[in-house]
Trainee: 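Below: one structure in structure tokens.
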Amino acid sequence: MALQSTDPTTNPLYYLDYLEFLLEFVSDRYRNVLLVEETQSLDRFLACSLNARALYGRLLTRKPSYFRVDKITYPEISDIPNAIDELIRVEFLEPVTAPRRDLDISMRSKAELKSCGALRVPGLAQAHRQVIDQALITSDQDIPKLMIVRQRKRGLMSICQHLFFGNPHQHLDEFVRTDLGHQVFESVDLSLSRSFLDRETFDLARLLAVLKHWATELEVCSRQLRRSPDPIARLDLLRQLADLKSLMPFRSKMPSLSRLQDKLYLLLGQSFERLGATDDAISCYRGTTRPPSRERQARLQSQNTDIVRRLCFEILEASTDASELSYAHKQLKHENGIRLNGIQHPRPPIPRRDITLEIDISVNIEQQIVDVYKGQGLTALHIENHLFPGLFGLLFWEVIFLPIQGAFHHPFERGPADLYEPDFYNHRAQMFEARFNMLANSEYRADQLGLLFGAKQGITNPFVYWPAVSLDLFSQVMTQTPWSALEAIFRRLLKDPKAFRKGFPDLVVLRAETYELIEIKGPGDRLQNHQIAWLEFLIAQGITASTLFITAEEPRSNECELS
DNA sequence: ACCATTCACTCATGC
DNA sequence: ATTCAAGTCG
DNA sequence: GCATGAGTGAATCGACTTGAA
Ligand SMILES: [Mn+2]
């Protein structure tokens, strides 16, 4: 794998190396996905002179696709005019020949407009840029033409990037930032996986990306409409939403794409709901089981107790989403009275303390409590979701980065691509179980913690947030937590890594023989369902965890007690 | 996935 | 003169 | 007091240039 150094003194064309690495990777591994004319274009590009390719690579990193020829200067590229001609011949660049008064204006700075005499109208020189452009475009003021080129084949480039990364949003930046050491990725054998296996799947991915973009826009509209109702705009929006819904493709076999579809259905359902189109909303929610689809369906049909009950049972059976589960519990309890105890877990009470504190708004409340503990000679850290997930990510490093089929497709992945799929554990069950067995030995565990922390520090891992953790912290927490508790926490994490990574208590307070977890609640802040779920779980596992509610205190009184 | 997404937090309503 | 946002670059 | 839904703000690499306000 030939990733070169970014150092411009030794390698002034580093960006071209990146681009060509990507293009060659794609045309090599995704030959059957690319269309014939796409392959031909790529071949034509790769056959160009070094100068031409370098220029195209430079322009590709820039935001607009129109460029003033007189402004294109790159010291490392010689004979730019010639490179431009060459790129025009292979249709990677296009001269703007038709009169484009708009560009002749907008691509000039104010100073330039002034020096070609365009701002002589009184007051115009002081006006806002937008106003000037507007005024000049319709005036008969003569404005000299600029020599402008438009970059072509940007679409092809984004197709290649999409294929390379397996998603539409990562781009060439990753190469630079990785070479600069801003991010470090685990090196994984990529030979077992390709992002897309055929054109059909890939086209579906691109379609879904477009639909999602559209749906997000409509969702924003629906929110605005709620603020300021407008019956006509509402009807128009409803029509657009219906159009979008009718374009929804059949459920894809590819998990990453069906996840996208799930999100789309939720987005659509939510928009319909906001506009009061209950039936449409329900039918969208029916397209997916992703939370909170079932809860929304139930709420929208609250008058039909049979449906509500069926949905709630489904939730209890299948969902890991705390807020959905809490809804289902309440609903069923409410309907069936008390005789539902079979399903409910006995709930340990969550310890609660209340204090008053002079609150400093400029600092977040958690940090203030940390300082209070510091004043008492205790170490407290605000690490929220980084403690146990971090420990998990470290101890199970090898399993997480196992290069099984479908997990890794390119060198810039922070974790396996199927991490958030229901089968993440199943596809690695043997390895996970073997690891659990090994880690049951506390000496081995301690050993591994130290080794892995040293070996992997700084390497991106979806569970480890390096700035927030330290070996000392991990060591102390690990040795002071019974393995049974750790194992239970890790297994819960594994059930739904996305959902269960959130909701841990804010603070860890370190004491000599033990530690304590505390969820801070400032004025107006309430416990959320997933926080309650973790607190109860942790307490049930014998870990000291509690809540601390803060009430604002008038200035000037002092001291608060935290035993 | 940088006019986008995600999350924790915060506020406003209605019971 | 300064501040600010967008864009560029490694 | 409670539940709910909507809205906020911070954080996404960081230094540097440019043009506009
Ligand atoms: Mn909190």
Side-chain angles (χ1 to χ4, degrees), chain A residues 4-18 57-64 67 71-76 106-114 125-133 158 161-162 165-184 209 212-213 215-217 219-220 222-227 260 263 267 270 273-274 292 295-296 299 302 323 326-327 330-331 334 361 364-366 382 384-386 412-414 420 460 465 467-468 498-499 501-506 519-531 550:
Chain A
Q4 304 298 328
S5 116
T6 298
D7 185 349
T9 57
T10 65
N11 183 16
L13 299 183
Y14 69 93
Y15 51 91
L16 184 59
D17 286 344
Y18 299 151
R58 273 295 198 194
L59 299 185
L60 193 60
T61 67
R62 297 181 46 179
K63 189 149 185 180
F67 300 93
K71 293 286 187 184
I72 302 178
T73 51
Y74 289 108
E76 80 281 6
S106 65
M107 295 186 76
R108 281 188 162 93
S109 72
K110 244 173 151 176
E112 285 173 315
L113 287 172
K114 191 167 194 171
Q126 283 72 7
H128 275 237
R129 185 63 217 233
Q130 224 179 346
V131 178
I132 294 176
D133 288 19
S158 66
Q161 288 180 22
H162 194 159
F165 292 110
N167 62 60
H169 31 266
Q170 279 180 293
H171 37 82
L172 285 162
D173 264 30
E174 305 287 343
F175 288 83
V176 181
R177 285 169 30 211
T178 302
D179 263 1
L180 286 175
H182 285 148
Q183 50 189 194
V184 185
K212 184 181 181 194
H213 190 259
T216 312
E217 274 180 359
E219 202 261 348
V220 171
S222 78
R223 202 177 303 171
Q224 283 169 352
L225 253 173
R226 171 148 276 250
R227 256 200 301 269
L260 243 173
K263 287 196 202 171
L267 213 53
Q270 200 186 4
E273 207 183 328
R274 235 193 305 261
E295 180 183 342
R296 296 319 308 165
R299 285 185 190 276
S302 54
S323 137
S326 141
Y327 167 79
K330 263 175 237 167
Q331 211 57 32
H334 181 252
I361 349 167
N364 68 33
I365 187 97
E366 291 84 1
H382 183 200
E384 243 173 2
N385 301 330
H386 303 127
F412 308 99
E413 274 172 313
R414 39 179 300 134
Y420 297 138
T460 305
Y465 183 66
K498 179 137 177 120
R501 215 174 22 177
K502 300 174 291 193
F504 286 90
D506 293 315
E519 171 60 34
I520 307 295
K521 286 295 163 196
D525 187 10
R526 339 194 76 251
L527 272 177
Q528 295 172 347
N529 292 315
H530 59 301
Q531 296 176 324
I550 319 289

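Per chain, numbering begins at 1; letters A, B, ... match sequence-line order.
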Trainee: For the pair A:D179 and A:Y18, evaluate side-chain hydrogen bond (donor to acceptor under 3.5 Å, both in side chains) and give the outcome as yes or no after the intermediate values.
Mentor: CA-CA 10 Å; A:D179 263 1; A:Y18 299 151; 2.6 Å; yes
Trainee: Round to a whole Å and report the spacing from CG of A:L527 to C1' of B:dA8.
Mentor: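 Distance, rounded to whole Å: 13 Å.
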Trainee: Need one value for A:D506: base, sugar-phosphate or nothing, where a base atom within 4.0 Å counts as base even if backbone is also close, heavy atoms only.
Mentor: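 Contact class for A:D506: sugar-phosphate only.
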Trainee: When you measure from the side chain of A:D506 to the backbone of A:H382, do you find a donor-acceptor pair of N or O atoms at a distance under 3.5 Å?
Mentor: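 No.
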Trainee: So A:P168, base contact, sugar-phosphate only, or nothing? Heavy-atom distance under 4.0 Å.
Mentor: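 A:P168: no heavy atom of the nucleic acid under 4.0 Å.
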Trainee: Quick one: do A:Q528 and A:K502 satisfy side-chain hydrogen bond (donor to acceptor under 3.5 Å, both in side chains)? Show the steps, please.
Mentor: CA-CA 11 Å; A:Q528 295 172 347; A:K502 300 174 291 193; over 6 Å; no
Trainee: Where each pair must be Watson-Crick or G-U wobble with both distances under 3.5 Å, what dot-bracket representation of DNA chain C is obtained, with crossing pairs in [ ] and other-strand partners as |?
Mentor: .|||||||||
Trainee: The side chain of A:R526 lies closest to which of these nucleotides: D:dC2, B:dC9, D:dG5?
Mentor: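 The closest nucleotide is D:dC2.
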Trainee: Of the candidate nucleotides B:dC9, C:dC9, D:dG7, which contains the atom at the shortest distance from the side chain of A:E384?
Mentor: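 The listed nucleotide nearest to A:E384's side chain is B:dC9.
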Trainee: Which is it for A:Y465 and A:E384 under the side-chain hydrogen bond (donor to acceptor under 3.5 Å, both in side chains) test, yes or no, and what are the steps along the way?
Mentor: CA-CA 11 Å; A:Y465 183 66; A:E384 243 173 2; over 6 Å; no
Trainee: Which is true for A:F504 with a 4.0 Å heavy-atom rule: it touches a base, it touches only sugar-phosphate, or it touches nothing?
Mentor: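 Here A:F504 touches no strand at all.
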Trainee: Using a cut-off of 4.0 Å on non-hydrogen atoms, how would the nucleic acid contact of A:E219 be classed: base, sugar-phosphate, or nothing?
Mentor: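 Nothing, no nucleic acid heavy atom in range.
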Trainee: Calculate the interatomic distance between A:Q224 atom CD and D:dA6 atom C1'; express it in whole Å.
Mentor: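 Atom CD in A:Q224 sits about 14 Å away from atom C1' in D:dA6.
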Trainee: Where does the angle between the aromatic ring planes of A:F175 and A:F165 fall among parallel (under 30°), tilted (30 to 60°) and perpendicular (over 60°)?
Mentor: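 A:F175 vs A:F165 ring planes: perpendicular.
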Trainee: When every nucleotide of nucleotides 13-21 of chain D is labelled 5' to 3' by its protein contacts under 4.0 Å (heavy atoms), B for base, S for sugar-phosphate only, - for none, what sequence of letters results?
Mentor: B------SS
